[in-house]
Every structure is written in structure tokens, then in C-alpha cells.
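Quantities reported herein were computed from a predicted structural model and do not represent experimental measurements.
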Amino acid sequence: MLVLTRKSGESIRIGNNIIITILESPSGQTKIGVKAPLDVPIHREEVYNRIQQENKSALMVHDEMSNMLAKYVRGKS
Amino acid sequence: MNEQINTPTNQQQDLAGSVLFGGDEHSQEVKIEFPFGLPGFEVFTRFKISALQDYQPFCVLQSEDEPAISMLIIEVKFLTIQEKIVIPDKELRKVNILRGQDALVFLILKVNHKTHELTANTRAPLVINLEAKKGFQAILEDASLPLEYSLAKGLN
């Protein structure tokens, strides 16, 4: 892992079009500004990991799902 | 009953005239490109959405390249939590949507094994530009949106 030391207000450039700026680092928490093209998804790592887990646990188990759906559709009518 | 979800032939028959796809009897499924993939399945970008006519309003999102990547989804408009799920403009622009009402928004469903209920991930909706056939999975900043929203209390 590349480790760079930066002060508040200083930036790191990644490629041609991504700039990460350290905005504030008062007490343990660091505020970071990221400027990147719209087509570059940016997420907090732990949130992204959680959504990955949720997606994997949503993969269809057909027996289970079909029984479940029948219940919901019947329930509506 | 399982075959209606599993078998492509049955699925195609069931999908004819789906309301989701504009009532066009020829539109049995829609192919959508997800340029970023989905979290957890980043390398897969080609998907199709199929409506399950016998189980309306439920649909299936399935990878064209890996059929085992298959998820049950539902349009957010069928859930009472709909109004709380707001897709920011900057997210909509990722699939070239300028107005919120032009976006087709789905939620991914799963089975909660403790309650034996279907739940919806309201924090990470699928946002689709149907005209451009492009979509992505947004991750919303609103941490109060539940990852497991029970359909038992929220289906319109």
C-alpha cells in the first residue's frame, strides 16, 4: 500500500481525474474530499462491503422463493 | 410451481403483456447493462429483468453471463416506504436520467430466515434508465433506510 503524508488542504491526484483532498483532521476523524468523474463509484468501504454481503445473501434459492411468493401473492388478493 | 421461476420457457410465457414493460406483448424481458456491475458481482455487467406474471409485481434480475446470479426484485412503487427512498440527482445522472420520474427503481429482495418473510434492501436500490437500457445499484447516504425492510408490513 502506498502511504502518503498530507496536511489539511493538501491533495493527492489519482490518474488524470481523481483528486482526494484532506479537508480537516482535528481529533482522530479525518475529513476527506474526493473529486472524481461521475462514472467512478465512491463509497465508504464498510457500507460497500455490507451491500456486497446483502446482494450475495439475496441470490435466489428457487424452492424457497417460489413458496414465499405464493404466500405474498395470495396474501394480496 | 418452482418451474415458473426456474424455467425460461415458462417465464417467457408468463411475461407476455407485462405492465412493467408497457403492456407490449413482445416485451417479455428487458436487457439492462449495469456498467459498474453490482456490489459483490462487479465483473458481471449484462443482466435481464423478467416480470413474473403469476407473481406480480415481483420480477427477477438475472446475469446474462452467470445465470446463478439471480435475484428477486420489486419496483419501489409497490412499497409503502417508497416516498422515503429518494435518489439524488447526481446519482440519477450516472445513467443519464435528468428527472426522477424517468427512473425505474427496484429493490432487491431476500428471505429473512429468522422471520421467514421477504425483506427489501431499501438502502441500495437499482436505478434504471429503461430507454437507455442502463442501470446501476445506488448506495444511499440515508443510514436510516433499512437493509431488511419487511414486505409483510409494507406491500401496497
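Atom OH of B:Tyr55 sits about 12.5 Å away from atom CE of A:Met68, to the nearest 0.5 Å. The structure places CD1 of B:Ile139 at 12.0 Å from CZ of A:Arg50, a figure rounded to the nearest 0.5 Å. Between atom CD of residue A:Gln53 and atom CG of residue B:Asn121 there is a gap of 11.5 Å, rounded to the nearest 0.5 Å.
In this structure, B:Phe41 and A:Lys56 have side chains that are in contact, with non-hydrogen atoms separated by less than 4.5 Å. In this structure the side chain of B:Leu38 never reaches within 4.5 angstrom of the side chain of A:Ile51, judged on heavy atoms. Taking 4.5 Å as the limit, some side-chain heavy atom of A:Leu59 sits within range of a side-chain heavy atom of B:Met71. B:Glu141 is listed as a side-chain neighbour of A:Arg44, based on a closest heavy-atom distance under 4.5 Å.
B:Leu140 and B:Ile74 end up in the same hydrophobic cluster when Ile, Leu, Val, Met, Phe, Trp and Tyr side chains are linked at under 4.5 Å. A:Val40 and B:Val43 are assigned to two separate hydrophobic clusters, defined by single-linkage of ILVMFWY side chains at heavy-atom distances under 4.5 Å. The hydrophobic cluster containing B:Val127 also contains B:Ile81, counting ILVMFWY residues as joined when their side-chain heavy atoms lie under 4.5 angstrom apart, directly or transitively. When the side chains of ILVMFWY residues are joined at heavy-atom separations under 4.5 Å, either directly or via intervening members, A:Ile32 and A:Ile42 end up in a single hydrophobic cluster. Under the 4.5 Å side-chain heavy-atom criterion for Ile, Leu, Val, Met, Phe, Trp and Tyr, B:Val86 and B:Phe78 are members of distinct hydrophobic clusters.
Remark: the backbone N or O of B:Pro39 is paired with a side-chain donor or acceptor of A:Asn55 at under 3.5 angstrom. Listed for the A:Tyr72 side chain is no donor-acceptor partner under 3.5 Å among the backbone atoms of B:Leu151.
Counting non-hydrogen atoms of other residues, nucleotides and ligands closer than 6.0 Å to CD of B:Glu131 gives a total of 12 or fewer. Around atom NZ of B:Lys133, more than 12 heavy atoms belonging to other residues, nucleotides or ligands sit under 6.0 Å away.
The part of B:Ala68 that comes within reach of chain A is its backbone (N, CA, C, O), which places non-hydrogen atoms under 4.5 angstrom from that chain. Of the two parts of B:Glu42, only the side chain, counted from C-beta on, holds a non-hydrogen atom closer than 4.5 Å to a non-hydrogen atom of chain A. At a 4.5 Å heavy-atom cutoff, the contact between B:Leu147 and chain A is made by backbone and side-chain atoms alike. Neither the backbone nor the side chain of B:Phe136 comes within less than 4.5 Å of any heavy atom in chain A.
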- Yes or no on side chain to side chain contact (heavy atoms under 4.5 Å, CB included) for B:Asp54 and A:Leu69, after CA distance, side-chain angles and deciding distance? CA-CA 9 Å; B:Asp54 284 353; A:Leu69 286 178; over 6 Å; no

- Walk me through it: do B:Val60 and A:Met60 pass the test side chain to side chain contact (heavy atoms under 4.5 Å, CB included)? CA-CA 9 Å; B:Val60 172; A:Met60 276 175 62; 4.0 Å; yes

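Your options are B:Lys90, B:Lys94, B:Gln137, B:Arg123, and the one with the most heavy-atom pairs under 4.5 Å with chain A is B:Gln137. For the set B:Glu117, B:Glu91, B:Arg93, the count of heavy-atom pairs under 4.5 angstrom toward chain A peaks at B:Glu117. Interface remark: of the candidates B:Ile108, B:Leu118, B:Ile73, B:Leu118 forms the most heavy-atom pairs closer than 4.5 Å to chain A.
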